[in-house]
Amino acid sequence: MALIVQKYGGTSVGSIERIEAVADKVKKARDAGDDIIVVVSAMSGETNRLVSLAHAIQERPNPRELDVLLSTGEQVTIALLSMALEERGCPARSYTGGQVHILTDGAHNKARIQDIDDARVRADLEAGRVVVIAGFQGVDENGNITTLGRGGSDTTAVAMAAALKADECQIFTDVDGVYTTDPRVEPHARRLERITFEEMLEMASLGSKVLQIRAVEFAGKYNVPLRVLSSFEEGEGTLISFEDEGMEEAKISGIAFNRDEAKLTILGVPDQPGVAHKILGPIANANIEVDMIVQNIAEDTTTDFTFTVHRNDYKKALDILRNTAAELKAREVSGDDAIVKISLVGVGMRSHAGIASAMFEALAKEGINIRMISTSEIKISVVVDEKYLELGVRALHEAFGLSE
Ligand code: ADP
Ligand code: ASP
Ligand code: MG
């Protein structure tokens, strides 16, 4: 008998019919003899609806109250799913994050799980019940409700699987696995049977929202066998696995992209020690994360400095940079929030030369201008104008032979 954690995302529980279908799937797994813990998201669109309600009242919603609000979405689905299970003669009990003591730090809206007390869940499993847990939420040491950041139900599922040493954590969603790129952008994208943790982590952090990045981190750290599957059809899905399991190493395993990007440039700053710190220090102090950074080689005694931030932070970063520019007597500040980042990911890149130039060639053929480049051992990212996102992703998918 195995212990399985199953997670169902928003679309998978998006209507009463879908919740009924999930109940059928859960019952089937339990009837096969396994112990089942189910983690569910809010019904699709619900979290967005709640966010906009908050914004209708406060421009910057109070983070604590926002968590109280957002956590209600998942509370609806745990109750409905438990009822549907009961209707099928399958004993079940629902719990909010706080009730099963998913203890997090106090960072509202992006809390991290620190500990899970599994006693209550184990007792239910022993009594033959399916345990249904609200994803995306926890409670801090003072009893405040917290949420784990968008897409956080994935992390709840993996954390439950780690805490209970489950045999597998199954992420059921609206696609039947992890693809070479988002199938909504490239219809020829191919499902991967396996992908390494390292690659999945890179894909997630470069914008592939099929798994929340923290869920992948957690699964890697605690050795949780993780699989992405469709809640709509049968199939093997994609197994996230460790590299040394005799995998054939593809040069490129996938293409990730991120639309939430913006870039800022400060032109004509004195080329002196300490300048980078003077520019980025105030940005960091405002809690704005910086991603790519490029500093030009100085032609005279001044240089230009460009960096990217999350699009939500663009206006704030621009204001800060204008102040810095005045202090440093820089020539000009400019910015662009209609840019995106496209990245090639693959552990096989380590042992293959020429990937970057093949990437640049494929983009050039389509007349796509590259604005920034950054590389690491297993990825190459470029920043391009937003209007080229689809064209760029498809051109690279074709150029690297990723299609079926
Ligand atoms: P859920 O609500 O089940 O958590 P998400 O919308 O968070 O579902 O994640 C599933 C979506 O991720 C898919 O519908 C797909 O558009 C998107 N996606 C992005 N990149 C990929 C990829 N490489 N493989 C599969 N899906 C991807
Ligand atoms: N409901 C939350 C969200 O929409 C969490 C999740 O679905 O994983 O982000
Ligand atoms: Mg998700």
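Each ligand, and each atom within it, is numbered from 1 in the order the structure gives. Not measured: the values here are computed from a predicted model.
The proximity of Val210 to ligand 1, defined as any non-hydrogen pair under 4.0 Å, involves the side chain as well as the backbone. At a heavy-atom cutoff of 4.0 Å, ligand 1 is contacted by the backbone of Thr181 but not by its side chain. With a heavy-atom cut-off of 4.0 Å, Glu74 touches ligand 2 through its side chain alone.
At least one N or O atom of Lys7 sits closer than 3.5 Å to an N or O atom of ligand 1. In terms of polar-atom proximity, defined here as any N/O pair under 3.5 Å, Ser12 makes no such contact with ligand 1. For the pair Gly10 and ligand 1, the shortest N or O to N or O distance falls below 3.5 Å. Ligand 2 has a nitrogen or oxygen under 3.5 angstrom from a nitrogen or oxygen of Gly151. For ligand 1, the polar-atom distance check finds no N/O of Thr180 at less than 3.5 Å from any of the ligand's N/O atoms.
Contact of the Leu229 side chain with the Asp176 side chain is not registered, since no non-hydrogen atoms from C-beta on lie closer than 4.5 Å. In this structure, the side chains of Arg93 and Val132 stay at 4.5 Å or more apart for every pair of heavy atoms.
Ionic pairing of Arg311 and Glu261 is not present here: no N-O contact between side-chain nitrogen and carboxylate oxygen is shorter than 4.0 angstrom.
Under a 4.0 Å heavy-atom criterion, Gly152 is in contact with ligand 2.
Distances from atom 4 (O) of ligand 2 to the heavy atoms of Arg150, Lys209, Gln212 put Arg150 nearest.
There is no protein heavy atom less than 4.0 angstrom from atom 6 (O) of ligand 1.
Near Ser41, meaning under 4.0 Å from one of its heavy atoms, ligand 2 places the atoms 6 (C), 7 (O), 8 (O).
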